[in-house]
Amino acid sequence: MLSPDIARVARPGQFVMIGCGLDTPGVFMLPRPFSIGWRSPDGRIGILLRVFGQGTRRLSALERGDRVLLLGPLGEPFRLTAGQPIRCVAGGVGLAPFLFLAGEARAADHDVTLVYGERSAPYVFDPALIRELTGGVAQIWTEDGSAGSRGLVTQGLDPDDEALLLACGPTPMLRAVAAFARDHGADLQVSVEEYMACGVGTCQGCVVPGADGRWIKSCTEGPVFDARELAWPT
Amino acid sequence: MLSPDIARVARPGQFVMIGCGLDTPGVFMLPRPFSIGWRSPDGRIGILLRVFGQGTRRLSALERGDRVLLLGPLGEPFRLTAGQPIRCVAGGVGLAPFLFLAGEARAADHDVTLVYGERSAPYVFDPALIRELTGGVAQIWTEDGSAGSRGLVTQGLDPDDEALLLACGPTPMLRAVAAFARDHGADLQVSVEEYMACGVGTCQGCVVPGADGRWIKSCTEGPVFDARELAWPT
Amino acid sequence: MADLSQELFGAEFQSPVLLASGTCGYGEEYADLIPLDELGGLVTKAVSVEPRRGNPPHRVSETPGGMINAIGLENVGLDAFIAEKLPWLRANLQRAQVFVNVVGWTEDDFARVVLGLDDEDGFLGFEINVSCPNVKGGTLFGTDEQALAGLVKRLRAATDRPLIVKLTPNVPDVTVYARICEEGGADGLSAINTFPGMLIDVERRRPVIGNVSGGVSGPAILPMGVYLTWRAASACSIPIMGIGGIRSAEDALQYVLGGASLVQVGTSSFVDPQASVTVHDGISAYLDRHGVEKLSDLVGALDVPDPPSPPTLDAG
Amino acid sequence: MADLSQELFGAEFQSPVLLASGTCGYGEEYADLIPLDELGGLVTKAVSVEPRRGNPPHRVSETPGGMINAIGLENVGLDAFIAEKLPWLRANLQRAQVFVNVVGWTEDDFARVVLGLDDEDGFLGFEINVSCPNVKGGTLFGTDEQALAGLVKRLRAATDRPLIVKLTPNVPDVTVYARICEEGGADGLSAINTFPGMLIDVERRRPVIGNVSGGVSGPAILPMGVYLTWRAASACSIPIMGIGGIRSAEDALQYVLGGASLVQVGTSSFVDPQASVTVHDGISAYLDRHGVEKLSDLVGALDVPDPPSPPTLDAG
Ligand SMILES: Cc1cc2nc3c(=O)[nH]c(=O)nc-3n(C[C@H](O)[C@H](O)[C@H](O)COP(=O)(O)OP(=O)(O)OC[C@H]3O[C@@H](n4cnc5c(N)ncnc54)[C@H](O)[C@@H]3O)c2cc1C
Ligand SMILES: Cc1cc2nc3c(=O)[nH]c(=O)nc-3n(C[C@H](O)[C@H](O)[C@H](O)COP(=O)(O)OP(=O)(O)OC[C@H]3O[C@@H](n4cnc5c(N)ncnc54)[C@H](O)[C@@H]3O)c2cc1C
Ligand SMILES: Cc1cc2nc3c(=O)[nH]c(=O)nc-3n(C[C@H](O)[C@H](O)[C@H](O)COP(=O)(O)O)c2cc1C
Ligand SMILES: Cc1cc2nc3c(=O)[nH]c(=O)nc-3n(C[C@H](O)[C@H](O)[C@H](O)COP(=O)(O)O)c2cc1C
Ligand code: FES
Ligand code: FES
């Protein structure tokens, strides 16, 4: 998608709202949030789109040249300290922000590894493309072992590693990673997914539970949070 | 549109309902009625589509290969007696059924003329195509004289002609032709346009006023009526 | 294969999917298009004592995500219904169940239709359309507690056949009306009828609909229909037919989980005459996929979990 | 260029287009995205006496032709509104008019918010959200004639500022409530709030919305909103703000022709933040195209022709 304004300022972990506006006859669709997956020097941004329901089915039917309504970049990105080693933990399309992040972080001399889990082989994003985009390989896990190692991404985490953990994926995975981080005293930032309407902080639709008992808007205060800011089930 | 079943049995004056079904994510559209404009031996049917509102805008955006939901052929066709001379009066897309009719009627040795009116030149359907489809020429009228003769189609009617009149177009035009037929004792069949939902007689949505005071369903008892069956304003 | 049949109102419904009143004529009109006798059944267009001419056009138009109609309850009237329409239903529908939708403007009107039909063959029961003005009170029967209570009792006394009341959506609290119907002896409820609406042609500055206003139906009202069905189900224990915007098995199952035993497909049949068949097949596939043995196990099987307190990040 | 400005509630509205409550936060959130101060104005998110945490997620989801929300009236509360939100509005909006949406569960709740704000600068008037349960009666203020009458009188006594009551759609007859508001001294009406609705996730057999049910908004409710606005306008003579499903100038003009002096754009801003600007520009173009000098000439200018009797074939 061509959007030089977004591409220029986007940072890994931020997202865009993608919709089809109000002009298409007979169509009403709320825009949907998507992590920015990569950007190119010529002002394009890319996302990783997996068809899930009506909205993603509709967006996946768009063709080259169709116009979409893009709002972004939105939200808070991952926060890295210079030189810090980073372990990215991705589940499913939660891979998207790390495609963006791993490339940029490696270019900035971070030591980056990427653990990436899927249900099974057909879902796995092309490893060659991952290499191209991130400048490194992903350690792949599938639940049924049909690609990479068999098991959950959390099995790919090293308890003795003191690197910063970054995680993006389904909530059960985030919970497992959060439990791991807590148990091992690791720093963790998670990117959460919650239903959104506006994406810019006006509707209060996208809240997640804060550790302090507040509901926190994930579109403006997130989607990336320090795991300690959120209330995890015990 | 490929539909051998419809193409085989369709008769001029009948219509089809064209919709996009229930599967397109985010889209709800009632099907729209369209006169059958032509058919080809390989089982295709054609319509003349003019963008008017949301529905026709949507249908006009369809591309070759897209699937539509076609219901037809529906309604009562024009009724011709063998050998009868015929004068077709078309306003705007009301031309469509006569493209179909004129060709078939000429092949069956009817003496056919076609008077065709539009607001102005840009609206006029390609005369070469009219010739190809109907095997004859259309006498064209535009309100502003930018193509053909200047004026309304009713000016193209000959009071001394005793041929059967067939008319299809906007209601004001039909009223003018009906007044002409009444004044000159001519036989007239009109194809009316009324909003439809089902197209098959179940919803009772598409009524027009009958001369006997009843509301008549135009989808099953029409769209073609003998002008004397309908109540015209006086 | 899962079992979609149910025993309800003393009769066998081979499928939970019926065609909604006003959207399938008197059955005959759809006979060539869909296998009517394989459906759960159909509800006829409203029948009133006298024939009705109905409203001037336009009677139907599209709205965002739905449509509006103001047919004006045009129908052939009781006598012609018996003479011309019922014989076809009797002869052609053996397994699909037929409800006659009944409309009136006084209690007497309704009672005369019910009494006039009660001894005839060819249908199972009555669906009472109370979304019409009560000439006595000016309000709709369906929005006036007393008028509704009186009407239901009167009709209950008039017939032993299944008596279903079709609820009107524009009330503050549908449970009140659901309970009135149950207490008055109704055998079931239909939820819901259309929402009052209006469209204006801004170029001509005139209403689009000949009758000025009309009833809004179609997918646009799906969430309202599911909500009202769920609320009605929570307030009474008679079976409910869920209606409003059903396009797919998933839509229908929302009603079923919310508490509907049967569903009716209306507007969607206009978009695709096969809609009811598709909904039936999809429900069957859902049951198989989820290992549910019979549909009735899903009726009202909505799980409303308590949110964790204090709140935590849960699995969506 | 046609004149879109109007003098209403003793103030100048440079445009008839406002942003609807709950869809534009407290203004600030949209400041970078749209030229807020060029609009007719905005209505803030509901303000209650105490801060409110709101409902658990999911709070929003798409529905056919619209969306459902159950935010739970989350808001910062009166004191924080005055301290943190109002200063921004005061400083940044000079020409756009601001209404504060007020919510409560008792008459006192509402009165405290109104009294607490009355002496502050930075806003024009109050929009009273009566689509919330009255803890005394259990019904909503907006569906209970007595509770509504009491509330409006109480608030009228509390403030001289413009007092707008936002009507609830799920009532049998909106004119009754419109008249109650006018008689109680309200300066205007907003029509309409959302419709109660519900979505069920059939795979998990759970409600999609954390609060189980929510309010349906968006294009799906457009014909209902236009109808209710037209009905309300027919029953009273105070200005009306038309709300519900407005995406385009054409939609907005349906409300205007039906009797609304102003309109509010809600859900459509989520689909396209520029929606309100597009609506404004489109209205302006319409007036020019039709040679209408000022917008107020169109308010309520719906032509409802008598159908010819006996009916004849008329020009659509
Ligand atoms: C910050 C963020 C980043 C995301 N990044 C990506 C990405 O890179 N690639 C990708 O494929 N998907 C991503 N998603 C999810 C994506 O936005 C889709 O909305 C989601 O997959 C639902 O699919 P759908 O719209 O087809 O479902 P539908 O069934 O059409 O959705 C119905 C409703 O539920 C909401 N909804 C359902 N599931 C989700 C979900 N998981 N997250 C948010 N809303 C949901 C929709 O917004 C809509 O209102 C992201 C979500 C968030 C919040
Ligand atoms: C028997 C019959 C034959 C027709 N043949 C043709 C044809 O050959 N070519 C062609 O371009 N058009 C034809 N029309 C009109 C066509 O069906 C379109 O519906 C109409 O032009 C409205 O355009 P829209 O759907 O884009 O308008 P919208 O603004 O999207 O329509 C809104 C609503 O109004 C209804 N509506 C508005 N105008 C008409 C109208 N004139 N007739 C029926 N419904 C209307 C629509 O069905 C819809 O419910 C025919 C109509 C009928 C009844
Ligand atoms: C054209 C049309 C005619 C209708 N006529 C009747 C009727 O006569 N009696 C009745 O009770 N409901 C009538 N209805 C309402 C439907 O039966 C149904 O309750 C409503 O349309 C909602 O369902 P849907 O969204 O699936 O259409 C009619 C609906 C439509 C669209
Ligand atoms: C997310 C959301 C939050 C809302 N919050 C409020 C509110 O706090 N107070 C209120 O009176 N209306 C609230 N509304 C209702 C809107 O102001 C408006 O009446 C309704 O959405 C219909 O307009 P629309 O279809 O243009 O959205 C809210 C609507 C939405 C979608
Ligand atoms: S999505 Fe609207 S506030 Fe976050
Ligand atoms: S369009 Fe339904 S009866 Fe004619």
Side-chain angles (χ1 to χ4, degrees), chain B residues 5 9 17-33 52-59 67-75 171 192-210 212-222 230-231 233, chain C residues 19 22-33 42 45-46 51-75 201 203 208-210 214 217-220 222 245-248 251 265-275 278-279:
Chain B
D5 293 344
V9 297
M17 296 293 282
I18 308 185
C20 51
L22 292 162
D23 294 334
T24 322
V27 176
F28 173 87
M29 189 185 117
L30 285 180
R32 302 288 200 266
F52 173 82
Q54 296 256 324
T56 43
R57 191 142 72 95
R58 192 168 174 80
L59 291 174
R67 290 175 66 90
V68 295
L69 214 137
L70 261 188
L71 199 62
L74 302 170
T171 306
V192 299
E193 271 190 22
E194 184 43 64
Y195 292 17
M196 295 184 176
C198 71
V200 296
T202 66
C203 77
Q204 296 173 295
C206 59
V207 295
V208 291
D212 59 359
R214 281 191 313 138
W215 293 114
I216 311 179
K217 288 191 257 189
S218 64
C219 70
T220 49
E221 302 189 40
L230 302 178
Chain C
L19 301 177
T23 66
C24 59
Y26 301 102
E28 208 171 336
E29 296 85 345
Y30 266 139
D32 294 342
L33 284 168
L42 63 82
K45 177 73 197 167
R52 275 178 67 88
R53 303 185 57 239
N55 290 329
H58 307 310
R59 289 182 170 186
V60 291
S61 191
E62 192 173 290
T63 64
M67 66 175 283
I68 185 166
N69 89 79
I71 308 298
L73 299 168
E74 172 173 344
N75 77 93
D201 177 337
E203 293 302 317
V208 170
I209 293 293
S217 61
L222 177 79
I246 296 174
R247 295 157 299 183
S248 64
D251 293 346
V265 172
T267 301
S268 289
S269 296
F270 302 151
V271 178
D272 181 350
Q274 302 296 326
T278 316
V279 170

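Reminder, nothing fancy here: chain letters follow the sequence lines and each chain counts from 1. Since the model is a prediction, treat every value here as computed from it, not as a measurement.
- Residues Thr220(B) and Glu29(C) fail the side-chain proximity criterion, which asks for heavy atoms closer than 4.5 Å.
- Annotation: residues 68-75 of chain B contacts chain C through Leu69(B), Leu71(B) [non-hydrogen atoms, separation under 4.5 Å].
- Proximity to chain B involves both the backbone and the side chain of Pro56(C), based on heavy atoms less than 4.5 angstrom apart.
- Using a 4.5 Å heavy-atom threshold, the side chains of Asn55(C) and Trp215(B) count as separate.
- Using a 4.5 Å cut-off between heavy atoms, Ser268(C) touches chain B through backbone and side chain atoms alike.
- Each of Ala197(B), Gly19(B), Gly201(B) has some count of heavy-atom pairs under 4.5 Å with chain C, and the biggest count is that of Ala197(B).
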**Request:** Step by step, work out the salt bridge (charged side-chain N to carboxylate O under 4.0 Å, His left out) result for Arg32(B) and Glu62(C).
**Result:** CA-CA 10 Å; Arg32(B) 302 288 200 266; Glu62(C) 192 173 290; 2.5 Å; yes
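- Remark: Thr278(C) OG1 to Asp23(B) CG distance equals 8.0 Å, nearest 0.5 Å.
- Taking Arg247(C), Arg53(C), Met67(C) one by one and counting their heavy-atom pairs under 4.5 Å with chain B, the maximum is reached by Arg53(C).
- Note on Gln204(B), Met196(B), Met17(B), Arg214(B): by heavy-atom pairs under 4.5 Å with chain C, the leading option is Gln204(B).
- Minimum interatomic distance between Tyr195(B) and Val60(C) (heavy atoms only, all atoms of both residues): CD2-O, 3.2 Å.
- Going from atom CZ of Phe28(B) over to atom OG1 of Thr63(C) covers 7.0 Å, rounded to the nearest 0.5 Å.
- Atoms CG and CD1, on Leu22(B) and Ile246(C) in that order, are 12.0 Å from each other to the nearest 0.5 Å.
- Chosen from Ala220(C), Gly66(C), Ser269(C), Gly27(C), the residue pairing most often with chain B at heavy-atom distances under 4.5 Å is Gly66(C).
- Using a 4.5 Å cut-off between heavy atoms, Asp32(C) makes no contact with chain B at all.
- Ranked by heavy-atom pairs shorter than 4.5 Å toward chain C, the options Gly55(B), Gly213(B), Gly53(B), Gly26(B) are led by Gly213(B).
- The minimum heavy-atom distance between Gly205(B) and Arg59(C), with the atom names listed, is O-CB, 3.3 Å.
- Of the inter-residue distances, the one linking Leu30(B) atom CG with Ser61(C) atom OG reads 8.0 Å to the nearest 0.5 angstrom.
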